[in-house]
Amino acid sequence: MKISRIFKRCCLIMLATLLVGSLAHAQEESKPRLVILPFSLNAPDDSDYLKEGVRTMLASRIAARAGVVVVGGVEAADLVGDRDERDPEALAGKLAADLVLTGSITVLGPSVSIDARLYMVEKDISESFFAAAENQARLIGAVDLMATEVSSVISGEDHRPSREEEAPAELPPASSESPAPAPEDQSLHPDRIFKKPVVVPPPAEALAEVPAAAPSVPTTPIPEPESGQASSPDPALSATRSQFLDLEIQVIDAGDLFGEGGKQIVVAEKQKITAFRRDNGQLRKVAEIPEAPRHVRIVALNLADLNNNGRAEVYVSAVSGNTPYSYAAEWDGRQFTKLFDRQPDYLRPLYVPGRGWGLYGQQAGFEGPVRPGIYKADSATGSLDLDDRFAIPDSVNLYEFVPGDFTGDGRMEIAVQTQDGKLLMYNGEGEVLWRGSNDYGYTRRFLGEPYSGSGNNENIQVPTRLVVEDLTGNGRQELVAMENPSGMAALLKTIGSFVGGSVKVLSWNGVTFTELWSSGEIGGYVASFQVEDARLHLGLVTEKSGGLFAGLQSYVASYGLAGL
């Protein structure tokens, strides 16, 4: 009898245990399944350990906070490179997953940033995330922040603040140092026209992870000068970067488009041009500039206030085969309107010592892209004055040179990037003072017909700009140039062949140019750069991570140059 009761109790205990286990298993099976693909790495050195570390931290935190099951670690890694990798739904189906997270890690100096994208199978939509840390010691905090944001989106409780939530109750007063706006500037500001931002900004607590070189800026539209990019006295500690943009940068420039005293970043794609404001290191779209027709591609973009009205004009050179297509646009108080259009010459604003700012141009050639000779142009119409020719050797084209006073003797010298990527310096009489041996300035932009070599008359390289600036305050201008990873880049057309370059600040010592500062090797294609108020901005292009979202993406990196 006793044995029978004991047996019954054991059976009941076993049944209860099985029931609890089954319920737990059923509950586990009902949880959403998340696949985290291996993150890609954009870094100049050996930082592979970051990839698995970030992925592991994200997996544990998201699983705990969002109530998901992370699956397919090894299997997901094996599937990268599979023919279905560009189809997130197919990849999720192979691993029986409801969610797919892919991303990349970028290292700029000591700072580390993370971009991620979450694909939700059931909703057939994706969400982007971004976090940054000023050094690896603060990386855990950045990963934790991203995990919180991803978890809130998975749970349907997205806590990332909107622009309206972030905006202060009242706009701050305009700076007393900024000039009073002209009457036409009282109309709609582009920040108010483009209400919808390109990306969702990071939450307020993420600002602690932004490098000290980018102090807080109000995210609401403001009429006062932009103050968010103060320079750091230590350039090595002031590297920052924006979020990824779903576009391929061709050229960037920086300037005061709206007469505020602050400067915007202007990005040109092959036809489209967009102005961005910098908010805590991020880029927020504020205006679109008239784009080029579909049959042309933009090869050069420059900002300059040549009409001296306090607002920078946007000068664009595009090309269709061997035919130039140039135009200029300016903010009129409500929108960007063209000053001139369909100008059949290549154009570029240029500062010439002794003459000041002006517009210069070069004619198209009969057999090749350009005809020898660079001429002064009318900034209002873009037409060339063939009686006012710039003194420079015929072999130099419009986009290869910059005038400056590198010796500090008050006379003009001219720095040139040749078609084979070499740096030269001429004096005012056209004599070569110096010739370098390294490779500089290669890009994927060109004048002429596609697929023709840069060594013949059908295709001319359009290099990255050369910049002159007295960054040290010693009375001699420094030269800022982009050094390529290899001379082979001129012959290779893939983005990967250009990865590994660096931007150099070069100083003339009386005999040669010496390196004063370097960005270090950059893990991306440097499509363009510009120096603005002792801060270097680089337009970088990389392949999208994980292969889930085909194509290229870009971001803008910034380095402080103050204190050189």
Side-chain angles (χ1 to χ4, degrees), residues 20-42 48-106 113-131 139-140 142-160 199-200 202 243-244 246 542-553:
V20 170
S22 298
L23 289 173
H25 180 71
Q27 193 174 38
E28 189 76 6
E29 285 292 313
S30 67
K31 290 182 178 180
R33 293 164 61 85
L34 169 68
V35 171
I36 303 181
L37 291 181
F39 277 39
S40 64
L41 183 67
N42 303 307
D48 281 348
Y49 64 93
L50 289 175
K51 293 192 295 185
E52 189 58 30
V54 168
R55 184 174 175 272
T56 301
M57 284 191 288
L58 282 173
S60 62
R61 284 160 171 75
I62 295 171
R65 296 171 189 175
V68 300
V69 178
V70 179
V71 297
V74 176
E75 294 90 338
D78 291 340
L79 282 174
V80 174
D82 186 271
R83 62 184 177 86
D84 291 327
E85 66 173 344
R86 297 185 184 279
D87 183 352
E89 188 171 2
L91 181 56
K94 285 188 174 185
L95 295 170
D98 305 289
L99 306 151
V100 178
L101 185 69
T102 183
S104 64
I105 304 164
T106 302
S113 56
I114 310 167
D115 292 86
R117 183 170 289 177
L118 176 71
Y119 177 73
M120 293 171 276
V121 176
E122 185 176 346
K123 297 179 180 179
D124 194 23
I125 60 173
S126 64
E127 290 277 352
S128 296
F129 304 87
F130 177 81
L139 183 58
I140 293 177
V143 174
D144 193 68
L145 173 67
M146 179 172 283
T148 299
E149 292 185 351
V150 173
S151 299
S152 68
V153 169
I154 292 174
S155 304
E157 301 173 354
D158 191 349
H159 297 309
R160 292 179 292 176
V199 296
V200 180
Q243 77 282 9
F244 277 127
D246 283 326
T542 67
E543 294 179 341
K544 290 189 177 180
S545 61
L548 281 175
F549 304 92
L552 300 172
Q553 59 192 357

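Note that the coordinates shown come from a computational prediction; the quantities given were computed from them, not determined experimentally. Excluded from the calculations below are hydrogen atoms, water molecules and symmetry mates; all remaining heavy atoms, backbone and side chain alike, are included.
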So, for [X] and [Y], which heavy atoms are closest and what is the spacing to 0.1 Å?
| X | Y | answer |
| --- | --- | --- |
| Thr102 | Phe39 | C-CE1, 4.2 Å |
| Glu149 | Phe130 | OE1-O, 4.4 Å |
| Ala142 | Ala131 | O-CB, 3.5 Å |
| Ala66 | Ser155 | CA-OG, 3.9 Å |
| Met146 | Ile114 | CE-O, 3.3 Å |
| Ser151 | Ala147 | OG-O, 2.7 Å |

With side chains defined as the heavy atoms from C-beta onward, is the minimum distance between Tyr119 and Asp124 less than 4.5 Å?
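Touching, per the 4.5 Å side-chain cut-off.
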At what distance, to the nearest 0.5 angstrom, does [atom1] of [X] lie from [atom2] of [Y]?
| X | Y | atom1 | atom2 | value |
| --- | --- | --- | --- | --- |
| Arg65 | Thr148 | CZ | OG1 | 4.0 Å |
| Glu122 | Leu99 | CD | CG | 9.5 Å |
| Arg117 | Ser104 | CZ | OG | 10.0 Å |
| Ser126 | Leu101 | OG | CG | 11.0 Å |

Under the side-chain contact (heavy atoms from CB on, under 4.5 Å) rule, collect the residues that match up with [X], sequence neighbours excluded.
| X | result |
| --- | --- |
| Met57 | Arg61, Ile140, Val143 |
| Ala59 | Ile36, Val70 |
| Thr106 | Asn42, Leu108, Ser113, Arg241, Phe244, Tyr555 |

Could you walk me through whether Asp98 and Val68 satisfy the side-chain contact (heavy atoms from CB on, under 4.5 Å) test, starting with their C-alpha distance in whole Å, then the side-chain angles of each, then the deciding distance to 0.1 Å, before giving a yes or no?
CA-CA 10 Å; Asp98 305 289; Val68 300; over 6 Å; no
Would you please test Val150 and Leu58 for side-chain contact (heavy atoms from CB on, under 4.5 Å) and show each step?
CA-CA 9 Å; Val150 173; Leu58 282 173; 5.7 Å; no
Pair Asp115-Gln553, side-chain contact (heavy atoms from CB on, under 4.5 Å): steps then yes or no:
CA-CA 11 Å; Asp115 292 86; Gln553 59 192 357; over 6 Å; no
